[in-house]
Amino acid sequence: YETGFESPVRLSIRDCMDFTPALLEEADSTLDDAEDSVTPQTLKDRVREARLPVWYLMIEDAMNNGYGQSCRAWLLLCFLGHTKAQVLHGGYRAWVHAGMPVSTEMVKVEQTQFFIDQSLEFFLTKNEMKASLETDAIILDCRDQAEWVGATSSPYGIDFCPRKGRIPGAKWLEWYDLMEWREGGIPFLKAPEQLKEVFEGFGIGLEDEVFIYCFKGARASNVLVSMLLAGYKNARNYFGSWNDWSRDFSLPIDDTFEY
């Protein structure tokens, strides 16, 4: 669990009820990144409220019940221009399982400034996704199987969104396929060479342009991090994902299924 940073800030993005009973020792703040509407300014305000300094951050969560929230938080920090964030592999459960220290004390920290240098390097807009339907870009749907086959519109309910289906031409790679369960039943990302084998099995080359979506960007962030670890440099996250696409009735969907 070495970060390579001299004085990393530990940032938990778990639910407050999960965070309060046992904190990473000297954890500095908690930040819930699951709001529906995020702008650079609202993120700046929330990071400032959490009193996060501008340099080193280490993000943790339970990857199996957080749907890649730690990877999504990492991506949002990249969006803000923070270049030195890392994800705690295996999340809080792995930390505890390894016998690392925990605490129930809240740490008081001094407020500081967070300067935004907005970067869209890993992001994809709805219009860009629409335009990609006419290109050779690979569209990767990483949602759970029930969403892919149209049995439900979202993880939040069958009819949470007005339409069920998928973006036309998308390939399905369920995000779980990139994980392996280790001692204690704790999920970790597979090794980079194993991840590369998975992607190659789906016909994805290192130079291919890959556009990833899920429901609202968390699982897609998990896949994006996996692709970066495996050496893929042209992958981007459609952050609005199906929650955005399905609500725009001017956009095409594929709602045909073969069981």
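Since this is a predicted model, take the numbers as computed values, not measurements.
- Annotation: the span from I212 atom CD1 to L224 atom CG amounts to 5.0 Å, rounded to 0.5 Å.
- Ring orientation note: the planes of F199 and Y232 are nearly perpendicular, at an angle over 60° on the 30°/60° scale.
- Of all non-hydrogen atoms in R93 and I186, the two that sit nearest each other are O-CD1, 3.6 Å.
- Stacking of R166 on the aromatic ring of W172 is not recorded, the 6.0 Å distance cut-off and the 45° axial limit not both being met.
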Verdict with reasoning, D136 to E209, per side chain to side chain contact (heavy atoms under 4.5 Å, CB included): CA-CA 8 Å; D136 293 330; E209 196 170 32; over 6 Å; no
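- For the atom pair Y92 OH and M100 CE, the distance stands at 12.0 Å (nearest 0.5 Å).
- Here the two rings, on F211 and Y238, have centers that are 6.0 Å apart or farther.
- Separating the NZ atom in K126 from the OG atom in S250 is a distance of 6.5 Å, to the nearest 0.5 Å.
- Proximity of a side-chain donor or acceptor of S154 to a complementary backbone N or O of G157 within less than 3.5 Å is detected.
- Using a 4.5 Å cut-off between side-chain heavy atoms of Ile, Leu, Val, Met, Phe, Trp and Tyr, with links allowed through other members, L76 and V87 fall into the same hydrophobic cluster.
- Between F188 and H89, the ring planes lie perpendicular to each other; the angle is over 60°, past the 30° to 60° tilted range.
- To the nearest 0.5 Å, the span separating CG on L120 from OG1 on T125 amounts to 9.0 Å.
- I158 and I253 are assigned to two separate hydrophobic clusters, defined by single-linkage of ILVMFWY side chains at heavy-atom distances under 4.5 Å.
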Stepwise side chain to side chain contact (heavy atoms under 4.5 Å, CB included) test for L140 and V223: CA-CA 9 Å; L140 205 56; V223 175; 4.2 Å; yes
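- In terms of heavy-atom proximity, C142 sits nearest to C214 at SG-CB, 3.7 Å.
- When all heavy atoms of E105 and S103 are compared, the pair lying nearest together is N-OG, 3.0 Å.
- Summarising the geometry of V198 relative to L178, their closest heavy-atom pair is CG1-CD2, 3.7 Å, with the distance given to 0.1 Å.
- Crowding of E207 atom CD: a count of heavy atoms from other residues, nucleotides or ligands under 6.0 Å not exceeding 12.
- Looking at heavy atoms from C-beta onward, F215 lies out of side-chain contact with S153 at the 4.5 angstrom threshold.
- Within the 4.5 Å cutoff, the side chain of R72 has heavy atoms near those of the Q69 side chain.
- If you run side chain to side chain donor-acceptor pair (under 3.5 Å) between D141 and each of W175, Y213, W148, only Y213 comes through.
- Criterion: ILVMFWY side-chain heavy atoms under 4.5 Å apart, direct or through other members. Under it, M129 and L75 are not part of a common hydrophobic cluster.
- Side chain of K171 to backbone of F202: a donor-acceptor contact under 3.5 angstrom is found.
- For F79 and F239, the distance between ring centers is not under 6.0 angstrom.
- A distance-only check finds no donor-acceptor pair linking the side chain of W245 to the backbone of K130 [under 3.5 Å].
- In the displayed structure, L228 atom CG is contacted under 6.0 Å by more than 12 heavy atoms of other residues, nucleotides or ligands.
- Comment: E128 engages R236 in a salt bridge, judged by a side-chain N to carboxylate O separation of less than 4.0 angstrom.
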Full working for side chain to side chain donor-acceptor pair (under 3.5 Å) between S119 and D117: CA-CA 6 Å; S119 171; D117 184 13; over 6 Å; no
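- At least one donor-acceptor pair closer than 3.5 Å links the side chain of E174 to the backbone N or O of Q145.
- The two residues F249 and P162 make their nearest non-hydrogen contact at CZ-CB, 3.6 Å.
- Using a distance-only test at 3.5 Å, with no hydrogens or angles considered, a donor-acceptor pair links the side chain of N237 to the main chain of G217.
- Rounded to the nearest 0.5 Å, atoms CG (L189) and OG (S226) are 4.0 Å apart.
- Under a hydrophobic-cluster definition in which Ile, Leu, Val, Met, Phe, Trp and Tyr are linked whenever side-chain heavy atoms come within less than 4.5 Å, directly or via other members, I139 and V210 are assigned to different clusters.
- Aromatic rings from W74 and F122 are positioned such that their centres are separated by under 6.0 Å.
- Put simply, OG on S246 and CG on L251 are 9.5 Å apart, with the number rounded to the nearest 0.5 Å.
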Pair D159-K164, salt bridge (charged side-chain N to carboxylate O under 4.0 Å, His left out): steps then yes or no: CA-CA 8 Å; D159 295 314; K164 305 179 185 71; 2.7 Å; yes
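- Both L229 and M179 belong to a single network of hydrophobic side chains, linked directly or stepwise wherever heavy atoms of I, L, V, M, F, W or Y lie under 4.5 Å apart.
- In this structure, D248 and R163 approach most closely via the heavy-atom pair O-NH2, 2.8 Å.
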Stepwise side chain to side chain donor-acceptor pair (under 3.5 Å) check, S241 with N243: CA-CA 6 Å; S241 285; N243 191 37; over 6 Å; no
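- With hydrogens and angles ignored, the 3.5 Å screen pairs a side-chain donor or acceptor of K190 with a backbone N or O of D177.
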